[in-house]
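I have placed the structure first, in the form of structure tokens, so that the comments after it can refer back to it.
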Number of protein chains: 2
Amino acid sequence: MEENLSISIANELRKDILRGRLRPGDAIKERDFAFKMGVSRTPMREAIRLLGNEGLIELRPSRSPIVANQSKQMVADQIRLLVVLENLSAELACKNATEDDLGRIAGIAETMAAQFDSTDAIDMFEIDMSFHLAVVKASHNASLVETYRTYLQRLWRARFLAASLDPNRKRLIREHRAIVDALLKRDPEAVKNAIQNHLGNLFRDVSNALDREAEERKTLTSVGENK
Amino acid sequence: MEENLSISIANELRKDILRGRLRPGDAIKERDFAFKMGVSRTPMREAIRLLGNEGLIELRPSRSPIVANQSKQMVADQIRLLVVLENLSAELACKNATEDDLGRIAGIAETMAAQFDSTDAIDMFEIDMSFHLAVVKASHNASLVETYRTYLQRLWRARFLAASLDPNRKRLIREHRAIVDALLKRDPEAVKNAIQNHLGNLFRDVSNALDREAEERKTLTSVGENK
DNA sequence: CAACACATTTTGGTATACCAAATTCATTTA
DNA sequence: TAAATGAATTTGGTATACCAAAATGTGTTG
């Protein structure tokens with residue numbers, strides 16, 4: 001897609017949100033952000049609306065938009081859907097994946113295994129997410145890819161917090177390899193089982209991470225000034 | 001959600017698209033449509049972008065946007081996903097539906113049975129779609145509802161064409177009743193079977209309808225002027 | 001000290017103007 | 001008659017101004 005100013009602004013804001021430089025609850029003041037980026041309100045407004053549609057920003061009447069701050073119920077709902085989308089992609093990828101697709105997926109898994117200790121946590125998490133997205137792309141169902149991407153982004157931060165809480169590298173690499181092996185065999189049941197094994201406790205892990213973060217925020221608030 | 005000018009314009013355009021007053025391939029000329037509706041380009045532009053995000057309008061560089069004209073592959077992809085979403089909603093609705101939810105779903109099915117012959121095809125199709133959406137809402141998973149709604153709208157026209165081609169009222173009412181009965185029993189497998197039975201041939205039916213329409217368009221084009 | 005009223009600030013929304021790029025159309029030439 | 005060239009039109013995108021509504025802050029009064 002051809003990139004205009006609003007799309008490049010949206011890309012930059014999205015990256016800031018996913019990478020944690022903009023945190024849940026932070027205000028995105030249209031005029032301020034436009035001025036800082038040296039653009040007018042129009043493309044900034046359009047970018048904010050785009051991210052609003054993607055669920056990353058929450059628009060509020062008569063108040064500045066904020067980085068979306070999702071309830072545990074919303075996170076649970078999205079994870080429930082994400083798992084179903086990954087299962088569907090497993091089934092379809094077994095049928096439709098090209099040899100290039102499978103090669104790419106296996107390559108990403110190898111890259112993670114090889115570089116885990118020498119890559120910072122944020123970059124490694126991005127590779128992890130690109131692995132999952134590559135599996136979905138191997139389904140060759142464009143709607144599935146589009147919808148999956150939406151929830152991948154919405155859940156990004158929560159999953160990153162969960163991954164940071166329990167960075168079990170051996171388990172991660174083993175479970176990704178199980179998914180790759182099952183895909184290479186083009187065995188849908190085996191892929192689904194491997195995915196279930198990999199994501200089965202995702203909500204619990206994410207929930208724990210969000211609880212932990214809420215505790216930390218409460219501690220900071222009680223010693224700091226009340227805003 | 002509070003309705004501003006762009007949202008009400010988007011709602012009007014969406015209704016025109018779903019109801020067939022704007023057809024696939026029709027241009028949505030920003031300046032012309034804004035003038036006709038007595039508004040400026042800004043809310044019209046925002047409304048067009050909103051429908052672009054929803055997949056109902058296709059934006060093109062340096063050309064007027066057009067009503068999305070989906071390939072059969074895209075339709076097949078979307079149907080594949082829609083069925084999975086309906087299956088998930090069946091499972092969750094069995095667990096989470098309130099008695100009000102079930103009453104509402106049964107009520108819509110009864111309304112269809114009672115009013116089928118006295119309601120025009122477009123209105124009856126809308127009731128049919130509201131039945132399916134009510135089942136999904138009964139899942140109480142907000143992300144599922146949002147995603148399902150997206151594909152319900154994208155597939156609206158193709159499904160309406162298919163329904164018009166083979167308006168089998170008895171079958172439709174019977175199959176909806178089977179879904180309701182299975183929901184009342186809160187039997188996920190029975191609901192999934194009923195949905196599979198109901199939607200199992202959706203792609204074939206839709207594909208036939210799109211083929212038929214393409215034939216008709218070709219016939220019209222060969223006797224009319226080439227644009 | 002709390003509540004109320006008024007002023008100020010912030011904000012979303014919309015209108016309009018302008019620009020550059022792409023497309024289309026018309027004319028000319030070979 | 002077809003191709004090329006130049007002019008005109010259409011179009012998306014962006015900047016800026018303005019307005020009304022909502023939120024916030026401040027001062028006064030009871």
Side-chain angles (χ1 to χ4, degrees), chain A residues 1-17 22-69 221 224-227, chain B residues 1-17 22-69 221 224-227:
Chain A
M1 174 190 295
E2 211 146 337
E3 181 162 301
N4 58 19
L5 206 50
S6 18
I7 291 177
S8 66
I9 293 169
N11 286 341
E12 191 164 335
L13 291 176
R14 185 182 302 107
K15 185 178 298 179
D16 287 343
I17 292 170
L22 289 171
R23 313 172 79 86
D26 281 357
I28 316 290
K29 293 171 172 266
E30 196 174 282
R31 285 173 175 84
D32 286 358
F33 275 57
F35 181 76
K36 279 180 215 156
M37 290 194 186
V39 300
S40 81
R41 281 180 61 212
T42 313
M44 177 60 60
R45 175 184 178 81
E46 202 163 298
I48 289 173
R49 257 140 196 74
L50 183 61
L51 297 181
N53 287 329
E54 289 180 15
L56 298 180
I57 283 182
E58 182 185 323
L59 307 186
R60 305 181 295 177
S62 305
R63 283 298 85 199
S64 293
I66 58 173
V67 178
N69 200 352
T221 301
E225 70 190 15
N226 286 338
K227 286 199 62 178
Chain B
M1 175 191 294
E2 213 145 337
E3 181 160 301
N4 59 18
L5 205 48
S6 18
I7 291 177
S8 68
I9 293 168
N11 287 341
E12 191 164 337
L13 290 176
R14 185 182 302 108
K15 185 179 294 183
D16 287 343
I17 291 170
L22 289 169
R23 311 173 81 86
D26 282 357
I28 316 289
K29 294 169 170 264
E30 195 174 284
R31 285 172 175 83
D32 286 357
F33 275 56
F35 181 75
K36 280 182 212 153
M37 289 195 183
V39 299
S40 80
R41 280 181 59 212
T42 312
M44 178 60 60
R45 173 183 180 81
E46 202 163 296
I48 289 172
R49 256 142 196 71
L50 183 61
L51 297 181
N53 287 331
E54 289 180 16
L56 297 181
I57 284 183
E58 183 184 323
L59 308 187
R60 306 180 296 180
S62 306
R63 283 296 84 199
S64 292
I66 57 173
V67 178
N69 200 351
T221 301
E225 68 189 15
N226 286 337
K227 285 199 64 178

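Below, chains carry the letters A, B, ... as their sequence lines are ordered, and counting in each starts from 1.
- Atoms CD (A/Glu30) and P (C/dT14) sit 12 Å apart, rounded to a whole Å.
- At the phosphate of C/dT11, OP1 or OP2 sits under 4.0 Å from a side-chain N or O atom of A/Lys29.
- For the atom pair A/Lys36 NZ and A/Asp32 CG, the distance stands at 5.5 Å (nearest 0.5 Å).
- Remark: C1' of C/dT11 and CG of B/Asn4 are 13 Å apart, rounded to the nearest angstrom.
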TODO: Go through A/Asn11 and A/Glu3 one step at a time and tell me if the side chain to side chain donor-acceptor pair (under 3.5 Å) criterion holds.
DONE: CA-CA 10 Å; A/Asn11 286 341; A/Glu3 181 162 301; 3.3 Å; yes
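- To the nearest 0.5 Å, atoms CZ (B/Arg23) and CD1 (B/Ile66) are separated by 14.5 Å.
- Going from atom CZ of B/Phe33 over to atom C1' of D/dT11 covers 15 Å, rounded to whole Å.
- As rounded to whole Å, 16 Å separates atom C1' of C/dT10 from atom CD1 of A/Ile28.
- Minimum atom distance to the side chain of B/Leu5 is reached by C/dA15, of the listed D/dG12, C/dA15, D/dA15.
- When every heavy atom of A/Ala27 is checked against every heavy atom of A/Ser64, the shortest pair comes out as CB-CB, 4.1 Å.
- One finds no side-chain N or O of B/Ser6 lying less than 4.0 angstrom from the OP1 or OP2 phosphate oxygen of C/dG13.
- Taking each heavy atom of A/Leu51 and A/Ala10 in turn, the nearest pair found is CD1-O, 3.8 Å.
- No option in B/Arg45, B/Glu46, B/Arg49 other than B/Glu46 meets the side-chain hydrogen bond (donor to acceptor under 3.5 Å, both in side chains) test with B/Ser6.
- Taking the ring centre of B/Phe33 as origin, the terminal cationic atom of B/Lys29 falls outside the region bounded by 6.0 Å and 45° from the ring axis.
- Closest of all the heavy-atom pairs between B/Pro65 and B/Ile48 is CG-CG2, 3.8 Å.
- Atom CD1 of A/Ile57 sits about 8.0 Å away from atom CG of A/Leu22, to the nearest 0.5 Å.
- If you check residues 43-54 of chain B against DNA chain D, the residues with a heavy atom closer than 4.0 Å are B/Arg45, B/Arg49, listed by number.
- If you take CD1 of B/Ile7 and P of C/dG13, they are 8 Å apart, rounded to a whole angstrom.
- Between the C1' atom of D/dG12 and the CZ atom of B/Arg60 lies a distance of 13 Å, rounded to the nearest Å.
- Atom C1' of nucleotide D/dA15 and atom CD1 of A/Ile9 are separated by 12 Å, given to the nearest angstrom.
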- [ ] Classify every nucleotide of nucleotides 16-26 of chain C by which part a protein heavy atom approaches to under 4.0 Å, writing B for the base, S for the sugar-phosphate alone and - for neither, in 5'-to-3' order.
- [x] BBB---SS---
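- In this structure, the CD atom of A/Glu3 is 16 Å from the C1' atom of D/dT14, given to the nearest Å.
- When heavy atoms are screened at a 4.0 angstrom cut-off, B/Leu59 is found touching no nucleic acid atom at all.
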